[in-house]
Amino acid sequence: MSSEYEHNVGQLLSEKRAKLEELKQRPDENRGKIAQLSLEIEALENMFENYNLGMNVFRRAQGGRHGLRE
């Protein structure tokens, strides 16, 4: 199960990675763009990881409380 957030960040991440691979074909011409795109990819990966870590805690907490209510 994935949320719209996960889907959109994942899709944007894959687009940025593809663009980075394209720019790496001519690294001399695109140094600035490659550096900027690398930073954007790192930020997106961090956002994706932070979201998943937070949701894992939430999902575990939901299941953990279920046994207490019975």
Side-chain angles (χ1 to χ4, degrees):
M1 181 165 92
S2 68
S3 68
E4 186 174 343
Y5 178 85
E6 289 172 298
H7 174 73
N8 289 336
V9 171
Q11 183 177 5
L12 187 57
L13 192 53
S14 65
E15 290 171 6
K16 298 277 183 183
R17 285 179 178 151
K19 180 69 174 173
L20 181 63
E21 290 303 315
E22 181 182 315
L23 290 175
K24 283 184 176 181
Q25 300 293 327
R26 296 172 306 233
D28 295 335
E29 299 173 17
N30 301 309
R31 280 191 196 138
K33 289 180 184 179
I34 289 172
Q36 179 65 32
L37 206 50
S38 295
L39 290 174
E40 290 176 16
I41 288 171
E42 184 179 343
L44 284 169
E45 287 172 341
N46 289 336
M47 288 172 60
F48 195 75
E49 182 178 346
N50 288 340
Y51 177 82
N52 283 324
L53 287 173
M55 286 306 293
N56 284 339
V57 169
F58 174 75
R59 289 175 183 139
R60 267 190 261 128
Q62 287 288 2
R65 288 193 306 246
H66 182 70
L68 296 175
R69 294 182 183 163
E70 292 177 353

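Side-chain atoms are counted along with the backbone in the values below, which use heavy atoms only and exclude waters and symmetry mates. Note that the structure is predicted; figures quoted are calculated from it, not measured.
- Of the inter-residue distances, the one linking L13 atom CG with N8 atom CG reads 12.0 Å to the nearest 0.5 angstrom.
- Scanning both residues, V9 and L44, for their nearest heavy atoms gives CG1-O, 3.9 Å.
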Hey, can you pull the donor-acceptor pairs under 3.5 Å for the side chains in residues 32-39, sequence neighbours left out?
{"unit_1": "Q36", "atom_1": "NE2", "unit_2": "E40", "atom_2": "OE2", "d": "3.4"}
{"unit_1": "S38", "atom_1": "OG", "unit_2": "I34", "atom_2": "O", "d": "2.8"}

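- A side-chain donor-acceptor contact under 3.5 Å links E6 to the backbone of S3.
- In this structure, K24 and P27 approach most closely via the heavy-atom pair O-CD, 3.3 Å.
- No side-chain heavy atom of L20 sits under 4.5 Å from any side-chain heavy atom of R17.
- A distance of 14.0 Å separates CD of E42 from NZ of K16, quoted to the nearest 0.5 Å.
- Considering only residues two or more places apart in sequence or on other chains, Y5 meets the ring-ring contact (aromatic ring centres under 6.0 Å, His included) condition with Y51.
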